[in-house]
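Here is the structure we will look at.
Letters go in sequence order (proteins before strands), and every chain restarts at 1. Every value quoted in this text rests on a predicted model; they were computed, and no experiment measured them.
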2 protein chains.
Amino acid sequence: MDVSLLKSPLLRATSPGKREQTKVQNRQLILDAARQVFAELGYGATTVRDIIRATPLASGTFYNYFKSKEEVFQAIRDEVAIAIRPRLHEERMKAKTVEEFISCSFRTFFEYVSDDRVNFRAIRHSADSTRVRMDTPEVIAGFEELRTDIESATAKGLFPPVDADYLMAAIVGVAFELGERMLEREPQDPVAAAEFATALFMGGLRSLPYAAEMGVTKGNA
Amino acid sequence: MDVSLLKSPLLRATSPGKREQTKVQNRQLILDAARQVFAELGYGATTVRDIIRATPLASGTFYNYFKSKEEVFQAIRDEVAIAIRPRLHEERMKAKTVEEFISCSFRTFFEYVSDDRVNFRAIRHSADSTRVRMDTPEVIAGFEELRTDIESATAKGLFPPVDADYLMAAIVGVAFELGERMLEREPQDPVAAAEFATALFMGGLRSLPYAAEMGVTKGNA
DNA sequence: CCCGGTCATGACGCCTCGTCAATTTTCATT
DNA sequence: AATGAAAATTGACGAGGCGTCATGACCGGG
């Protein structure tokens, strides 16, 4: 048999083998169902059974793909982290000034959060007041990357010699908490949120954009 | 019968009735066991059964005191929130300047976190990478109080007219995330953490205390 | 056409859940 | 003290989730 024929790029592209095909498909089936169910019941209340019930598969099949509901959740989180991380890193590398570094980071993040609302809401919504955050390896790697980016920016003289670990923590804290609030507002305004955060990091309280309209919490002009 | 004798303050003080007594005692028994077990297994992995097994009580009794493991956790959280909230509020009311407002808030919070390490660790430790945060009514009320404190400080001209909601979120985000990092360092230094946060909010990045010693993450002098 | 390997299936044993009828404990009254 | 009602504790129970595994279906190569 001519191996080069069977394994030619063309054939592999059109027929990756039924085996592989259903494997990928099932995985996606489970992930989609999970997203759905998490959004509906909240992460905490969801059971593995709920997920497979939203799927044509049998209970045992679930465990061929994931070890637990946590692992599905990780996979969903990681998709996000993997999508956003290179973008953030790239923006930060391009930054010529501290301000650019900070503002690009926040803007990119908030825009992503706003676009990806569905995924983010999946976590927040839950009957009780539990809030879950998965610090998956992929997410943690994102944090670490931010820290090393800060460190190398410091080496380049962009930053003063700050405590990169604490600074990273502060950025992460503001990003997540502000992101949450942003999602509660209507209309969604990632740019404004990013401006707020940037001003805070650039010049502290006194530089914050004045609250043009009061009652931002509930009213919207 | 002389009611005033039976219900005299003295008697009530020494014997509040066995009924009441065991009720309080059992509640505490459960709370203590829960703290223990949460710290050991992590919040996510803990079951109601694990908690009562660490207690001389029967399974049914648990439900006379709490509806679920979430509610026990809430109760533990709330103890903390109730203990810390008045302190924070008081400090902020005394503040004559913005800087005092900010620095007192952070210092009080970080000192509390550091003292109360046990309670805080109970949440963080878990086999998987799940991080749980309970936004109980009591905790949310604490956030709201911070926001109204900001608003009234603004009214007094202490703050510029900022977006109090976002500012509150930023403070909360930094406090929690930095608190977490602080717990990972040795020796524990709440004052340094508070100084870092305060400098950030007062003057932004450029005011941050220089990292006197590098390698803060792992090394310690 | 057939065989070896891979994967889906769903029943199984174990465990937790929250409930509830039975029982014990407390307490006011006689 | 004796009594009876109210309150709280107990543990067994049905429902249902968990992760596993023997079974069988299905794919793909010879």
Given atom [atom1] of [X] and atom [atom2] of [N], what is their separation to the nearest angstrom?
X       : N      : atom1 : atom2 : value
B:Tyr63 : D:dA7  : OH    : P     : 23 Å
B:Leu57 : C:dT24 : CG    : C1'   : 15 Å
B:Phe62 : C:dG18 : CZ    : C1'   : 11 Å
A:Asn26 : D:dC26 : CG    : C1'   : 13 Å
A:Leu29 : C:dC7  : CG    : C1'   : 15 Å
B:Lys23 : C:dC27 : NZ    : P     : 11 Å
A:Glu20 : D:dG28 : CD    : P     : 9 Å
A:Arg27 : C:dT6  : CZ    : P     : 20 Å

> Can you tell me if B:Asn64 and B:Thr61 form a side-chain donor-acceptor pair at under 3.5 Å?
Replying inline: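 Looking only at side-chain atoms, B:Thr61 and B:Asn64 do not form any donor-acceptor pair under 3.5 Å.
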
> Is there a donor in the side chain of B:Ser68 and an acceptor in the side chain of B:Glu70, or the other way round, less than 3.5 Å apart?
Replying inline: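 Checked: B:Ser68/B:Glu70 side chains pair up, N/O donor to acceptor below 3.5 Å.
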
[X] and [Y] ion-paired at < 4.0 Å:
X        : Y        : answer
A:Arg147 : A:Glu144 : yes
A:Glu180 : A:Arg131 : yes
B:Arg85  : B:Glu138 : yes

Between [options], which nucleotide has the shortest distance from any of its atoms to the side chain of [X]?
X       : options                : value
B:Ser59 : C:dT26, D:dA12, C:dT16 : D:dA12
B:Arg53 : D:dT9, D:dG19, C:dT16  : C:dT16
B:Val48 : D:dA7, C:dC17, D:dC26  : C:dC17
B:Arg19 : C:dT9, D:dA6, C:dC7    : D:dA6

> Under 4.0 angstrom, heavy atoms only, what part of the nucleic acid is B:Tyr65 near: base, sugar-phosphate, or nothing?
Replying inline: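 Result for B:Tyr65 = sugar-phosphate.
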
> Is B:Thr47 touching bases, backbone alone, or none of the nucleic acid, heavy atoms closer than 4.0 Å?
Replying inline: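 Sugar-phosphate: the residue B:Thr47, judged by heavy atoms under 4.0 Å, touches backbone atoms but no base.
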
> Does A:Arg49 make a side-chain donor-acceptor contact with the base of D:dG19, cut-off 3.5 Å?
Replying inline: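 Present.
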
>> Go nucleotide by nucleotide along DNA chain C from the 5' end; which of A:Asn64 and B:Gly60 gets its closest nucleotide reached first?
In response: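 Nearest-nucleotide comparison on DNA chain C picks A:Asn64.
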
